[in-house]
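Reading through the structure tokens given below for one structure.
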Amino acid sequence: MQIEILLNNNPISVRIETEQNLEPKTCVVVSTATGLELGTVKGLTKNLEFEHANFVRIATQKDILDNCEACKYTRSLLPEIKKIANDLNLDMKIGFISTNLDRSKLIVNYTSDARVDFREMIKILGSKYKTRIEMRQIGNRDESKMLGAIGMCGRITCCKLYLSDFDKVSIKMAKNQNITLNPTRINGMCGRLLCCLKYEDEYYKEMNKIMPKVNAKINTPDGEGVVKSTDFLKETITVEFSHDDTTEIKTYPINEIINKSK
């Protein structure tokens, strides 16, 4: 049987052999390269590649309490580890610290645009905390996914809620949607282009093939006019007509213009 488990908000597929009833939202303990970790069952799956993780057991109350204590422990270490990185003048941003259930390994998650020589930092941390240290470089989107944030829409960011993979997002998508190319409008909390630009990209591509350009002359049910603006969501076109010394503005559904053109 193959089940999908959320581990640190990332979906992984684990193959298990058990007759235990693993309902969605069941807390389980799995063994990974990091050690024993707590995850949450999403359900059966065949869509994800098998990960190098083994099902150990359904989590006990002690496992859940140990995980809570481990989270508190790593949060308490964050200011001190950030200070160590700053004192060593390392070009890196410490995102968050994580550990496994038995705290046998400390994982320092960081972002950086350059290669970082953190050998001295590992020596200091290993000596100070008496445990194995792993430095894990993550992307800005991964950091937002793990930490979570509120997007400009007022909702929890999509990466935190449900995104398992990050599709490629380009500036052309924003241009296709006539969005002002202002970083505050098109960038997410991670500082990268909004993932949601991808959601409606296909729709805007198709509408761009249909919609006339602004200032283009078109035929309408009321004669020839000049396009003043287009509304892709309402699928309407606003047209200006010139009559001697006066002008008239009318708005038409795109279907009326297409049918007129035919």
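All heavy atoms count here, side chains included; hydrogens, waters and symmetry mates do not. Because the structure is a prediction, the values reported are computed rather than measured. Numbering starts at 1 and runs along the sequence shown.
Applying the side chain to side chain donor-acceptor pair (under 3.5 Å) test to Lys62 and every residue at least two apart in sequence or in another chain returns Asp66. In this view, Tyr204 and Phe232 satisfy the ring-ring contact (aromatic ring centres under 6.0 Å, His included) rule, not counting sequence neighbours. Remark: Arg75 engages no residue in a salt bridge (Lys or Arg N to Asp or Glu O under 4.0 Å) (not counting sequence neighbours). In this view, Thr246 and His243 satisfy the side chain to side chain contact (heavy atoms under 4.5 Å, CB included) rule, not counting sequence neighbours. Among residues two or more places apart in sequence or in another chain, the salt bridge (Lys or Arg N to Asp or Glu O under 4.0 Å) test is passed with Arg115 by none. In terms of the side chain to side chain donor-acceptor pair (under 3.5 Å) criterion, residue partners of Asn109 (sequence neighbours excluded) are, by chain and number, Ser98. Residues satisfying the side chain to side chain donor-acceptor pair (under 3.5 Å) test with Glu206, not counting sequence neighbours, are Lys209.
Between the side chains of Thr220 and Asp222, no donor-acceptor pair of N or O atoms lies under 3.5 Å.
Residue Ile107 shares its hydrophobic cluster (ILVMFWY side chains chained together at separations under 4.5 Å) with no other residue. As a member of the Ile/Leu/Val/Met/Phe/Trp/Tyr network built from side-chain separations under 4.5 Å, Leu193 groups with Met152, Val169, Ile171, Met173, Ile179, Leu181, Ile186, Leu194, Leu197. Taking a 4.5 Å side-chain heavy-atom cut-off between Ile, Leu, Val, Met, Phe, Trp and Tyr, the cluster of Leu65 contains only that residue.
The environment of CG in Asp113 is sparse: at most 12 heavy-atom neighbours from other residues, nucleotides or ligands sit within 6.0 Å. Other residues, nucleotides and ligands contribute at most 12 non-hydrogen atoms within 6.0 Å of the CD1 atom of Ile156.
Thr34 places a side-chain heavy atom less than 4.5 Å from the side chain of Arg136.
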Side chain to side chain contact (heavy atoms under 4.5 Å, CB included) between Gln137 and Ser112, intermediate numbers included: CA-CA 7 Å; Gln137 185 172 6; Ser112 177; 4.2 Å; yes
Candidate pair Val227 and Asn215, rule side chain to side chain contact (heavy atoms under 4.5 Å, CB included), full reasoning: CA-CA 5 Å; Val227 177; Asn215 295 326; over 6 Å; no
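Separation of atoms CG (Leu125) and CD (Glu134) is listed at 13.0 Å; rounding is to 0.5 Å. Atom OH of residue Tyr73 and atom CG of residue Leu78 lie 13.0 Å apart, to the nearest 0.5 angstrom. Once rounded to the nearest 0.5 Å, the distance linking NZ of Lys198 with CG of Asp167 reads 5.5 Å. Here Ile254 contributes atom CD1 and Ile237 contributes atom CD1; the two are 3.5 Å apart, rounded to the nearest 0.5 Å. The CG atom of Asp201 lies 6.5 Å from the CD atom of Gln177; values are rounded to the nearest 0.5 Å. Taking CZ of Arg57 as the reference point, atom CG of Asp63 lies at 4.0 Å (rounded to 0.5 Å).
Residues Asn140 and Thr111 approach most closely at N-CG2, 4.3 Å, considering heavy atoms. Across all non-hydrogen atoms, the minimal contact from Ser31 to Val56 is N-CG2, 3.7 Å. A pairwise comparison of heavy atoms in Ile257 and Pro221 identifies CD1-CD, 4.4 Å as the closest pair. Heavy atoms only, all atoms of each residue included: Leu38 and Ala59 are closest at CD1-CB, 3.5 Å. In terms of heavy atoms, Asn100 sits closest to Ala70 at O-CB, 4.2 Å.
Judged purely by atom type and a 3.5 angstrom limit, Thr74 uses its side chain to pair as donor or acceptor with the backbone of Cys71. A donor-acceptor distance shorter than 3.5 angstrom exists from the side chain of Thr131 to the backbone of Ser104, with no hydrogens or angles considered. Side chain of Thr99 to backbone of Lys105: a donor-acceptor contact under 3.5 angstrom is found.
Phe118 is connected to Leu106 through a chain of hydrophobic side-chain contacts under 4.5 Å among Ile, Leu, Val, Met, Phe, Trp and Tyr, so both are in one cluster. Leu36 and Ile133 fall into different hydrophobic clusters, where Ile, Leu, Val, Met, Phe, Trp and Tyr residues are linked whenever their side-chain heavy atoms come under 4.5 Å apart, directly or through other members. Cluster annotation: Val116 and Ile138 are assigned to distinct hydrophobic clusters (Ile/Leu/Val/Met/Phe/Trp/Tyr, side-chain heavy-atom contacts under 4.5 Å, transitive). Neither Val214 nor Val226 shares a network with the other; the hydrophobic side chains, linked directly or stepwise wherever heavy atoms of I, L, V, M, F, W or Y lie under 4.5 Å apart, form separate groups for each.
For residues 223-237, no pair satisfies salt bridge (charged side-chain N to carboxylate O under 4.0 Å, His left out), with sequence neighbours left out.
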In a table with atom names and distances, give each donor-acceptor pair under 3.5 Å that connects a side chain of residues 80-96 to protein atoms at least two apart or in another chain.
residue	atom	partner	partner atom	Å
Glu80	OE1	Tyr129	OH	3.1
Glu80	OE2	Lys128	NZ	2.9
Lys83	NZ	Asp87	OD2	2.9
Asn86	ND2	Lys82	O	3.3

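The pair Lys250-Glu248 meets the salt-bridge criterion, since a charged nitrogen lies less than 4.0 angstrom from a carboxylate oxygen.
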